[in-house]
Amino acid sequence: MNYLDENLNALKIRNENLYNKVREYVDNTEIDYSNFSIIDTRDGNAIVVINRSGKEIRLNSIYNAEKEASHWVKQFDFSNIDTNVAMFGISNGIFTREILKQLDKNSVMLLVEPDIDLFLFCINEFDMTDIISDERIAFIIEKINWDKFINYLGAIVDSKRLNSFIFCCHPKIEQLYSMELKDIKNVIIEHINKLHLNYNTRVVLRSDAMENSIKNLHFLKNINFVDEFREVIPDNIPFIIVAAGPSLDKNIDELKRVEGRAFIIVVDRAVNDVVKHGINFDAIITVDAGKSIEYMNNEESYKYPIFACDDAKNELLELNKGRKIFLIGTAFMNKICKKYGIETKHYSVGGSVATSAFNMARVIGSKKIILIGQDLAYAGELTHAGGEKEEHVINNKTFMVEGIDGKEVKTRGDWLRFLKWYETEIEKLDEDVEVIDATEGGAKIAGTKVMKLSEVIDKYCTVEFDFKKALDNMSPAFDEKKYPEVRQDLFHLDVELSHIKECAKKGIEISDLMLCEIEKGECALEAVAGYANRIKEMNKLIEEQFVYNILNEYIKADIEHVMMNVNCLGEDEIENKKETCRISKFVYEKILDAVERIEPLLKDSLERV
């Protein structure tokens, strides 16, 4: 019996976009099924056999395939809450169904099929509508959406769910498709390393970020936001992003020819080099909470307007005398914008200052985005322009990737992530948006048009544009009517902190009382329920405060770390409730610590508002 249409119809209902891609492949490809066959098992099922180099390999037990799968699944622990699974290999779905039996309704299972022809053979020979129709299932299929695995993985595995994530493999497909499995494993390892890196980065920078957010509050009086520049920078004006890669030394002087005929934004690390070459540019961009001021430590650099996150290095923003334009970043600033009707458009920002500049170009609608100094690779042992060799990096593992000249170049983990980010985000751009890599060195970024900067200038930079004049004609985002209200909101943050402080103290007390009641047993159920309701009310009150959005950025890493344990609670309900009380107390203690850290900073900052 042929099940292809039935299975594909189920796929169309679940995911029409994926269905269209599979249907297109089926309709336009001559598929060779000669290496696949079906045999009956002794328990009455049918299984797939693959012929490899003259050897027939059965993908399931010939005796009892379901019993084999039932025994196989016992090696995995599904006791954690919200367990998500990625499984390599689908075949006829017998192993998949055993996993699905163990998952709750909120879990997600990512099925990764490394052979499109095997997938089509199976959905032709087997009724798999139950799997395809299952709301918990997502598919990654070779030649269809294989490159989207990292996107799906990121959706099901974050720092809170890391300890409850399961990766498993169809036993025989694991052996037969070892190279494809290696690629998938590398992506998973890199993603997990990134989660750990992000966690460690937040731990290191959280104090700086929180302090900067508070110290930067006084800039709100004359601030603008990046979204306002959609009408200020015309979409036909080339948007040139100057990064600090080693190849910048090759073509930096070409920028003198483009003054007044493009919008030139320089990342913080490249500012000194650009200024030393006597180049007039339009703006600086900085995003890091802990960025060293040594990259912009001359008077000439202080005059330029600066695009920055609201938690960017306060010392840099204080030294800078130009207009401040905030890139929407923290939850606190998003709340402010939403309250006062300031339009914001959000994208993934990529994690670096250069990718943030790219995101800025996308937000304002630029049609020509030009990258220079965006090497994402070593030049010999050099890491940055000006002959700089960065000795201390968080991730110093190196990889070889294709360079813009077709030869291999050496990159490292963080640069490779930025490279992949660019490639993913470039795919999402409208067809009339062109990204030109005029770096003249470094790694190849798929989706870009490679050109020399001199050629780019001659071909595209032909229209006069005066950014300074346009900026001078702009009013601050919070005008004379709005700013007094914003000012009152800022002064009210002090009152909100007091509310949160009292709630945190009560929360610690109630968490202790609830733990005592739980230890008394069933006779205390009513009291426990009452305490739980009080905690919910206090949590709601805390989260409603504007200032909590600053607090949360400070404590989030600690909370995420302890919340990993929530997903790993055991089967003993009493012990689970006790652990929940301890976690609740821990969270309130962290909130109280953050309030006491913020109070003096806020007092000093409000004196400047």
Side-chain angles (χ1 to χ4, degrees), residues 224-244 247-248 250-267 270-271 273-275 277-285 300-301 303-307 322-325 327 343 345 347 353-374 404 422 425-426 428-440 445 447-475 477:
N224 287 101
F225 293 95
V226 66
D227 296 76
E228 298 177 71
F229 287 81
R230 291 177 197 157
E231 305 300 326
V232 175
I233 304 175
D235 61 13
N236 66 328
I237 297 298
F239 191 110
I240 300 178
I241 300 169
V242 183
S247 68
L248 181 60
K250 296 180 182 178
N251 56 15
I252 189 170
D253 287 316
E254 284 290 333
L255 289 171
K256 293 176 182 176
R257 294 203 298 123
V258 79
E259 292 171 17
R261 289 185 289 128
F263 175 78
I264 308 172
I265 190 163
V266 181
V267 307
V271 169
D273 285 323
V274 174
V275 168
H277 281 257
I279 295 159
N280 289 315
F281 52 98
D282 294 296
I284 296 167
I285 183 168
E300 181 65 19
S301 67
K303 71 180 185 181
Y304 289 98
I306 189 165
F307 289 78
R323 182 82 68 95
K324 311 295 187 297
I325 303 105
L327 308 161
E343 185 181 358
K345 194 169 185 178
Y347 294 98
V353 64
T355 57
S356 294
F358 180 90
N359 184 59
M360 176 187 158
R362 175 167 52 180
V363 167
I364 68 171
S366 297
K367 301 299 185 185
K368 291 283 186 294
I369 305 173
I370 299 157
L371 311 176
I372 71 169
Q374 189 60 86
I404 61 169
Y422 272 120
E425 298 306 315
I426 287 170
K428 299 176 185 177
L429 296 174
D430 293 338
E431 291 183 0
D432 60 345
V433 179
E434 191 170 24
V435 182
I436 300 166
D437 190 348
T439 292
E440 300 184 34
I445 303 174
T448 63
K449 180 179 181 180
V450 177
M451 295 178 66
K452 287 186 174 295
L453 181 58
S454 58
E455 296 171 353
V456 171
I457 294 170
D458 292 339
K459 184 172 182 179
Y460 298 115
C461 303
T462 58
V463 178
E464 295 293 325
F465 174 64
D466 190 337
F467 177 69
K468 183 180 183 303
K469 181 179 179 180
L471 187 61
D472 288 343
N473 289 331
M474 288 183 69
S475 300

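The chain is numbered in sequence order, starting from 1.
In terms of modelled atom types and a separation under 3.5 Å, the side chain of R323 and the main chain of P305 share no donor-acceptor contact. For Q374 (side chain) and A243 (main-chain N/O), no donor-acceptor pair under 3.5 Å exists by modelled atom type. R230 places no side-chain N or O within 3.5 Å of a backbone atom of G365 that could act as its donor or acceptor partner. No donor-acceptor pair under 3.5 Å is formed between the side chain of T448 and the backbone N or O of D437. Side-chain atoms of K368 never come within 3.5 Å of backbone atoms of S366 as a donor-acceptor pair (strictly under, hydrogens ignored). Here the side chain of E254 pairs no donor or acceptor atom with the backbone of N251 at under 3.5 angstrom.
A salt bridge is defined here as a Lys NZ or Arg NE, NH1 or NH2 lying under 4.0 Å from an Asp or Glu carboxylate O, and K303 with E300 meets this definition.
In this structure, CG on N359 lies 8.0 Å from CG on L327, to the nearest 0.5 angstrom. We find the CD1-CD1 distance between I284 and I264 to be 13.0 Å, quoted to the nearest 0.5 Å. The CG atom of L471 sits 6.5 Å away from atom CG of N224, with the distance rounded to the nearest 0.5 Å. One finds the CG atom of D282 at 9.0 Å from the CD1 atom of I265 (value rounded to the nearest 0.5 Å). Here CG of D253 is found 5.5 Å from CD1 of I279. Values are rounded to the nearest 0.5 Å.
For Y304, the ring pair (Phe, Tyr, Trp, His ring centres under 6.0 Å) partners at least two apart in sequence or on another chain are F281. The salt bridge (charged side-chain N to carboxylate O under 4.0 Å, His left out) search around E455 returns none, not counting sequence neighbours. With sequence neighbours excluded, the residues satisfying side-chain hydrogen bond (donor to acceptor under 3.5 Å, both in side chains) with K468 are D472. For N473, the side-chain hydrogen bond (donor to acceptor under 3.5 Å, both in side chains) test picks out no residue, with sequence neighbours left out. With sequence neighbours left out, E231 forms a side-chain hydrogen bond (donor to acceptor under 3.5 Å, both in side chains) with no residue at all. In this structure, the side-chain contact (heavy atoms from CB on, under 4.5 Å) partners of A438, at least two apart in sequence or on a different chain, are I370, I372, L453, V456. D458 is linked by a salt bridge (charged side-chain N to carboxylate O under 4.0 Å, His left out) to R257, counting only residues two or more places apart in sequence or in another chain. Here K250 pairs with nothing under the salt bridge (charged side-chain N to carboxylate O under 4.0 Å, His left out) rule; sequence neighbours left out. Shown here are the side-chain contact (heavy atoms from CB on, under 4.5 Å) partners of K367, two or more places apart in sequence or in another chain: D235, D432, V433. Checked against side-chain contact (heavy atoms from CB on, under 4.5 Å), T462 has no partners two or more places apart in sequence or in another chain. For the side-chain contact (heavy atoms from CB on, under 4.5 Å) test, residues two or more places apart in sequence or in another chain that qualify with N236 are P234, V463. For K469, there are no side-chain hydrogen bond (donor to acceptor under 3.5 Å, both in side chains) partners, not counting sequence neighbours.
In K452, the NZ atom is not crowded: 12 or fewer heavy atoms of neighbouring residues, nucleotides or ligands sit closer than 6.0 Å.
When all heavy atoms are compared, the tightest approach of A470 to V232 is CB-CG1, 3.7 Å. The nearest pair of heavy atoms linking C461 to V258 is SG-CG2, 3.4 Å. Considering every non-hydrogen atom in both M451 and K459, the closest pair reads CE-CD, 4.3 Å. When all heavy atoms of V267 and A354 are compared, the pair lying nearest together is CG1-CA, 4.0 Å. Considering all non-hydrogen atoms of both residues, S247 and G373 come closest at OG-CA, 4.1 Å.
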Q: Quick one: do K449 and V435 satisfy side chain to side chain contact (heavy atoms under 4.5 Å, CB included)? Show the steps, please.
A: CA-CA 6 Å; K449 180 179 181 180; V435 182; over 6 Å; no
Q: Report the C-alpha distance between I285 and I306 in whole Å, list the side-chain angles of each, state the deciding distance to 0.1 Å, and finish with yes or no for side chain to side chain contact (heavy atoms under 4.5 Å, CB included).
A: CA-CA 6 Å; I285 183 168; I306 189 165; over 6 Å; no
Q | Full working for side chain to side chain contact (heavy atoms under 4.5 Å, CB included) between R362 and L429 | A | CA-CA 8 Å; R362 175 167 52 180; L429 296 174; 3.8 Å; yes
(Q) For I364 and V226: C-alpha separation, side-chain torsions, deciding distance, then whether side chain to side chain contact (heavy atoms under 4.5 Å, CB included) applies. (A) CA-CA 7 Å; I364 68 171; V226 66; 4.3 Å; yes
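Between K256 and N280, the closest side-chain pair of non-hydrogen atoms is not below 4.5 Å. In this structure, T355 and Y422 have side chains that are in contact, with non-hydrogen atoms separated by less than 4.5 Å. For the pair I436 and L371, the minimum side-chain heavy-atom distance is 4.5 Å or more. Annotation: side chain of V274 is in contact with side chain of I252 (closest heavy-atom distance under 4.5 Å).
Checking each of Y460, F229, F263 against F239 for a ring pair (Phe, Tyr, Trp, His ring centres under 6.0 Å) leaves exactly one that passes, namely F263.
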